[in-house]
2 protein chains.
Amino acid sequence: MAATMQDVATLAGVSVKTVSNVVNDYPYVRPETRERVMSAIAELGYQLNASARNLRRGRTGLIGLALPMLSLPYFAELAESVIAAAEERGLVVVIEQTGDDRGREMDALHGSRRTVTDGLIFSPLALGPEDEHLLPTRPPLVLLGERVFSDRVDHVTMRNTEAAKAATEHLLSVGRRRIAVVGVHPGEKVGSAALRVTGYEQALREAGIALDPALYGTAGPWGRAAGAQALAQILDAGAVPDAVFGLNDTLAIGAMHELQTRGLRVPEDVAIIGFDDIEEAQYSAPTLTSVHFGRDDIARSAVDLLEARITGAAGAPRRVDAAFQISVRASTGGAGGRASVPT
Amino acid sequence: MAATMQDVATLAGVSVKTVSNVVNDYPYVRPETRERVMSAIAELGYQLNASARNLRRGRTGLIGLALPMLSLPYFAELAESVIAAAEERGLVVVIEQTGDDRGREMDALHGSRRTVTDGLIFSPLALGPEDEHLLPTRPPLVLLGERVFSDRVDHVTMRNTEAAKAATEHLLSVGRRRIAVVGVHPGEKVGSAALRVTGYEQALREAGIALDPALYGTAGPWGRAAGAQALAQILDAGAVPDAVFGLNDTLAIGAMHELQTRGLRVPEDVAIIGFDDIEEAQYSAPTLTSVHFGRDDIARSAVDLLEARITGAAGAPRRVDAAFQISVRASTGGAGGRASVPT
DNA sequence: TTGTAGGCGTTATCAG
DNA sequence: CTGATAACGCCTACAA
């Protein structure tokens, strides 16, 4: 059996409370007592039992991170940042993959996992604004993105509309006029897709360009295959875009692949911009211009909000807006680097 | 306060033991009793306290997954599969990112996280065979890959040498002779890099081709940037390869990017093959031929081995070899699809 | 088939 | 500054 506090206490000739004080860095312990306890701990190879502490404290030190799936690079990179940010605060992250499935998202929100974790950072994909009423506020929750919005819950948002507008304006600024958009979710009103499409339309409208339904490519899941397929449909229908706005980078890369398969040149024939600025954007051929958000900032904000809520230090639900800029690369004729755009 | 078993028992007019029996699906409970307990649970919104159960049972239901980082697509995809496989068995996965850092890998093996989890699936990158002695056997451990090997521990291995040999033979079969290899770790003897290079060398030797030091590109971390840089060094030194073997896909994609930047055509001037067959390989331009291992099989094997070890059902340490095949795509002149190769 | 008693290892309370 | 003692909520014997 593993050594317990009692064993340590006996060996050190003190009470368990004193051992506990030492383990928890309670300041009022005499140095020599602390010394004695420390060496007893070392001698026995004592390790604190997390379950017992959790039971006593009523917390687990675990936070959940619910996202669609890790094989989508954006979410993998987000998870990496969240895990790192949580670790800085002594929190351990449990990832739950909801796979764009409504039932699984509900489960992440209400299922038994919630009792194991102290709180949840949730990036929804299937749930929509009509589900706002079923967002539980009781086990702490932080929402990422704007698919679902509620003033009862903390949010980290991404100003999708402004960023998408800036992306479209970038394409306009390099002389493109027939800009296709891939990854559209028809009928959706408030998800990332809809918000980004709104920004796209705002930019065109302000530039005096009519919206063309033939340039809208729909795609359910936002993967490479979907991007390729969405663009294929646009092209097969006879449309001739001179630019493509991928609502995320994987869609853009799929679309780029489809263009190249058909012998079209990027950016000469068709310019492309993506969204998220995943690492892959720097190594595609050509490199992909993209909208860049600070993932680490987003992750840190989310973890901070959640921790404040868990410890009860938080007041009214807060909202944090993440900043963005356009990383201009070869797919829109740029050389590289990252151009600053006021946010 | 949240309801406890005692509350449920009182409301249902039974003892806590009966509630416990119901919650744990103990078979010998009279249906009407079960019914009564169930409705009391529903009425109170009772949820089992995981910490208390863990303390009592001496287990947490958590397993760790230690890997370099999630932003490397191969590890993100692996994590996805491991989480899914674990979920099927009612286990929750905690990811620890070691970032190719020896200290962090040691910590994953021995640190305080180990007391929170029931076992660890560990994909080492920094530790080497000389560290075999410090592999703890006590909290259950399953090793992925062949960087470290010990007959005291369960392993899931990948036949790196055979697979790399097959990859090289594929390049030979399409007429290439000056095959560069990128991602080499000089001096390393038993890691993935060394094993794959061994396979590469075996294939060349059997084909009667002399090894050329000028065609070896070294790279520490296996990312896209490293692949691009490694190939750049080879080319800058004046070597003229007609093919590149990337020791993983991200290296291969980085190398491909470097070739295209310099105006070389793939596969006409230089053919490329990668290793791991990440999803991105299907959408690069051109699509990337790669060595394919069944990630889901690897993940399932690892979780099974670990679970058996945790429950004490396991005997002597076991070793599971994952099967592979070559997915032939455009980067070596193929059209697509996945050619079977006997493993 | 169900109830009772006790303890898992820790921390909080409250003296001393 | 340190010690005794009582929970935290559940599960495992054992008994009934």
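All values reported here derive from a predicted model rather than from experimental measurement.
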- Task: Answer yes or no: side-chain N or O of A:Arg56 and base N or O of C:dT11 forming a donor-acceptor pair under 3.5 Å.
- Result: yes
- Query: When the nearest nucleotide of DNA chain C is assigned to B:Leu55 and to B:Arg34 on a heavy-atom basis, which residue is associated with the more 5' position?
  - Reply: B:Arg34
- Query: Taking only N and O in the side chain of A:Thr18, is any of them less than 4.0 Å away from OP1 or OP2 of D:dG3?
  - Reply: yes
- List the atom of B:Ala66, the atom of B:Thr98, and the distance in Å for their closest heavy-atom pair. CB-CG2, 4.3 Å
- Is there a side-chain polar atom (N or O) of A:Arg30 under 4.0 Å from OP1 or OP2 of D:dC1? no
- Message: Distance alone, cut at 3.5 Å: any donor-acceptor contact between the side chains of B:Ser81 and B:Asp296?
- Response: yes
Polar-atom pairs under 3.5 Å, protein N or O versus N or O of nucleotides 13-16 of chain C: list them with distances, or write none.
none

- Would you mind reading off the distance between B:Tyr46 atom OH and D:dG9 atom C1', rounded to a whole angstrom? 8 Å
- Output the single nucleotide from C:dG9, D:dC10, C:dT11 whose closest atom is nearest the side chain of A:Arg53. C:dT11
- To the nearest angstrom, how far is A:Met5 atom CE from D:dT5 atom C1'? 16 Å
- Measure the shortest side-chain to side-chain distance between B:Glu96 and B:Asp107 over non-hydrogen atoms and say whether it is less than 4.5 angstrom. yes
- Task: Answer with yes or no whether the side chains of B:Thr115 and A:Gln47 bring together a donor and an acceptor at under 3.5 Å.
- Result: no
- Whole-Å distance between D:dC11 C1' and B:Arg57 CZ? 8 Å
- Whole angstrom is fine here: how far is it from CG in B:Asn24 over to C1' in C:dT1? 16 Å
- Message: Quiz question: by atom type and distance under 3.5 Å, do the side chains of B:Ser71 and A:Glu77 form a donor-acceptor pair?
- Response: no
- Task: Assess whether side chain to side chain contact (heavy atoms under 4.5 Å, CB included) is satisfied between A:Asp304 and A:Arg89, documenting all intermediate values.
- Result: CA-CA 9 Å; A:Asp304 284 346; A:Arg89 284 158 189 71; 2.6 Å; yes
- Task: Name the nucleic acid region contacted by A:Val14, choosing base, sugar-phosphate or nothing; use a 4.0 angstrom heavy-atom cut-off, strictly under.
- Result: sugar-phosphate
- Task: Take atom CG of B:Asp25 and atom C1' of D:dC11, then tell me their distance rounded to the nearest Å.
- Result: 15 Å
- Is B:Asp321 paired with B:Arg319 through a side-chain N to carboxylate O contact shorter than 4.0 Å? yes
- Item | Phosphate OP1/OP2 of D:dG9: any B:Thr4 side-chain N/O under 4.0 Å | no
- Query: Side-chain N or O of A:Thr33 less than 4.0 angstrom from OP1 or OP2 on D:dT2?
  - Reply: yes
- Message: Rounding to an integer number of Å, can you tell me how far A:Arg36 CZ sits from D:dT2 C1'?
- Response: 11 Å
- Item | Atom-to-atom span, CG of B:Asp7 to C1' of D:dC8 - whole angstrom | 13 Å
- Rounding to a whole Å, what distance do you find between A:Leu48:CG and C:dG9:P? 12 Å
- Looking only at side-chain N and O atoms, does A:Ser20 come under 4.0 Å of OP1 or OP2 in C:dT10? no
